[in-house]
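To start, I am sharing the structure in question, which I have written as structure tokens.
What you are looking at is a predicted structure, and each value in this text was computed from that prediction instead of being measured. As the structure lists them, so they are numbered: ligands from 1, and atoms in each ligand from 1. Basis for what follows: all heavy atoms, side chains included, without hydrogens, waters or symmetry-related copies. Just so you know, residue 1 is the first one in the sequence shown, and it goes up from there.
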Amino acid sequence: MDKPLSSQSADEAGANLKPVNIGICGLGTVGRGTFEVLRRNAQVVAARARLSLQVTHVGTRREHAGLDLGASRVSRDIFEVARDPGVDILVELIGGTTVARELIEQAIRAGKHVVTANKALIAEFGNELFALADAHGVEVRFEAAVAGGIPIIKALREGLAGNRIEWLAGIINGTGNYILTEMRDRGREFSEALAEAQTLGYAEADPTFDIEGIDAAHKLVILAALAFGIPLQFEAVYTEGITHLKTQDVEYARELGYIIKHLGIAKQNGAGVELRVHPTLIPDHRLLADVDGVQNAILVEGNAVGPTLYYGAGAGAEPTASAVVADLVDLARDMRAGRACRVPALGFAPECVRSLPIVPMEQVITPWYLRMEVEDRTGVLSTVASLFSERGISIEALIQKAPAPGETRVQLIVLTNPALQGSVDSAVAALGALDAIHGTITRIRVEALDG
Ligand code: HSE
């Protein structure tokens with residue numbers, strides 16, 4: 001049970017001021033979680049907001065049996081919420097990028113602030129939505145859109161405002177991280193781990209967005225815009241999923257002292273900004289290597305603060321609701337102070353947003369893990385090594401597995417030093433043309449995560 005607030009705090013909670021009226025559209029997992037958090041934490045939320053927050057209107061096509069909606073008006077037409085003159089803040093929790101976009105635009109035009117958990121909408125249409133909100137003197141808040149309950153938007157927008165952000169790297173899809181953890185710890189193959197994630201309700205029935213990296217790319221685009229002051233540009237992200245990963249690669253990586261994680265990486269360098277989502281080998285002693293199961297974590301390197309790490313639940317009803325309610329509290333504080341739009345949506349003043357070039361992937365430099373099946377005969381290893389050295393790629397480590405009884409082929413695993421992707425592409429093409437090499441060459445990038 002929450003302790004009652006003192007009388008002084010009750011005053012502070014704005015007992016005599018008009019409450020903030022909230023309209024919630026969508027009563028799925030996050031909508032229900034938001035109701036529950038607002039109900040259970042009403043006192044502490046009011047004390048922090050210095051105003052009381054009440055849900056006055058709910059837009060839902062679903063049944064809401066078992067959920068006490070109190071005195072809230074309920075509309076089956078969600079646009080009724082956007083039209084309701086009594087609603088101060090509209091919370092969009094329906095998802096998708098068509099109806100949700102229209103709903104948010106209507107709410108903005110009606111002079112309402114908006115809170116959303118919709119990463120696809122922000123990543124793909126955020127530039128337009130923020131401009132529209134600016135023109136109407138209202139805010140669109142989206143803490144819940146990235147990494148569920150982790151307050152990473154607030155951290156980048158405000159907590160790290162004194163830093164030039166050099167790079168960030170995050171485990172920002174819980175389903176993918178669960179699958180990779182199962183492959184590593186239980187030796188499951190990808191498809192088996194995915195089926196389990198679906199059974200446990202982590203992955204969607206159609207998990208394409210999770211396993212193909214699209215969900216992570218949506219989140220990365222938002223983080224990169226906040227970190228570097230660039231526009232949201234979803235189409236510019238290099239996006240590679242985890243569907244092609246094999247349990248043997250997870251094992252070999254471990255032998256070499258690495259863990260495979262599916263990372264979203266954004267880096268600023270002299271040439272521009274790298275934006276990429278892909279499986280990555282990371283040293284097993286890094287903190288990110290210990291982020292397992294459905295948890296998320298984001299490592300952010302600022303030039304004043306150094307490395308900082310944000311960890312927590314990246315999805316789920318109440319963790320995501322925690323972020324939604326944080327945005328509501330922030331907006332209520334601004335409303336009470338009569339100064340909305342104090343912090344620009346993406347942290348940088350709109351006139352300071354920069355159009356930095358996105359670095360083409362051929363020019364990205366990382367070490368590489370490569371695995372190939374080769375004929376076990378004299379001279380093959382030296383041919384492979386010379387194809388790398390001719391392209392200026394130096395080999396850091398190499399493992400050759402003994403052939404299985406009766407087999408003439410072996411697995412060859414090569415770990416390179418940092419190399420231009422273009423050079424590695426060329427080496428892989430040359431290797432693929434050798435008759436001593438069979439099948440597809442597996443290639444995974446490596447990140448040291450140390451600067
Ligand atoms: N499908 C997402 C994940 C949920 O697995 O992380 C939160 O965005």
Side-chain angles (χ1 to χ4, degrees), residues 26 28-34 37 91-97 100 115-124 126 141-153 156 168-183 190-191 193-224 226 232 234 237 239-243 245 260-265 277-280 288 291-299 310-327:
T29 308
V30 181
R32 285 171 171 259
T34 301
V37 171
V91 181
E92 181 276 308
L93 299 173
I94 60 171
T97 54
V115 174
T116 179
N118 192 331
K119 59 236 163 190
L121 186 65
I122 296 297
E124 294 177 37
R141 292 289 190 126
F142 51 95
E143 183 66 68
V146 181
I150 304 173
I152 186 64
I153 305 296
L156 285 168
L168 60 86
I171 295 168
I172 44 182
N173 181 269
T175 303
N177 201 43
Y178 174 83
I179 292 170
L180 291 180
T181 305
E182 286 293 297
M183 289 172 76
F190 171 81
S191 53
L194 169 60
E196 182 158 310
Q198 286 174 299
T199 307
L200 290 168
Y202 300 146
E204 305 295 327
D206 174 6
T208 315
F209 272 36
D210 293 317
I211 60 177
E212 298 292 0
I214 300 159
D215 177 77
H218 281 140
K219 295 166 181 169
L220 182 71
V221 157
I222 299 172
L223 295 177
L226 286 154
L232 295 153
F234 173 64
V237 187
T239 306
E240 182 185 319
I242 57 172
T243 52
L245 289 180
I260 301 183
K261 291 291 180 190
H262 195 209
L263 296 187
I265 297 169
V277 169
H278 51 72
T280 315
L288 271 189
V291 175
D292 287 337
V294 287
Q295 296 300 100
N296 281 194
I298 302 114
L299 181 57
Y310 308 84
Y311 169 88
E318 293 205 8
T320 311
S322 161
V324 169
V325 174
D327 277 344

Are L288 and K261 close enough that some pair of their side-chain heavy atoms sits under 4.5 Å apart?
no

Closest contact, heavy atoms only, D327 versus F142:
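Looks like OD2-N, 3.3 Å.
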
Report, in ascending order of atom number, the atoms of ligand 1 lying under 4.0 Å from any heavy atom of N173.
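Near N173, meaning under 4.0 Å from one of its heavy atoms, ligand 1 has 1 (N), 2 (C), 3 (C), 5 (O), 6 (O).
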
Any N or O of A315 closer than 3.5 Å to N or O of ligand 1:
no

Numbering the atoms of ligand 1 from 1, which are under 4.0 Å from a heavy atom of T175?
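Matching atoms, with element in brackets: 3 (C), 5 (O).
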
Short version for D210: what comes under 4.0 Å of ligand 1, heavy atoms counted, is side chain

Take atom CZ in F190; do more than 12 heavy atoms of anything else shown fall under 6.0 Å from it?
yes

Taking the side chain as everything from C-beta on, heavy atoms only, tell me whether N296 gets closer than 4.5 Å to V291.
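No; the side chains remain at least 4.5 Å from each other.
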
With heavy-atom distances below 4.5 Å as the criterion, would you say the side chains of I214 and V277 are in contact?
no

By number and element, which atoms of ligand 1 are closer than 4.0 Å to a non-hydrogen atom of G174?
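The atoms of ligand 1 under 4.0 Å from a heavy atom of G174 are 3 (C), 5 (O), 6 (O).
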
Side chain, backbone, both or neither: which part of D215 has a heavy atom under 4.0 Å from ligand 1?
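For D215, only side-chain atoms sit under 4.0 Å from ligand 1.
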
Between G31 and L93, the two heavy atoms sitting closest are CA-CD1, 3.5 Å

Does G314 come within less than 4.0 Å of ligand 1, judged by its heavy atoms?
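The answer is yes: ligand 1 sits under 4.0 Å from a heavy atom of G314.
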
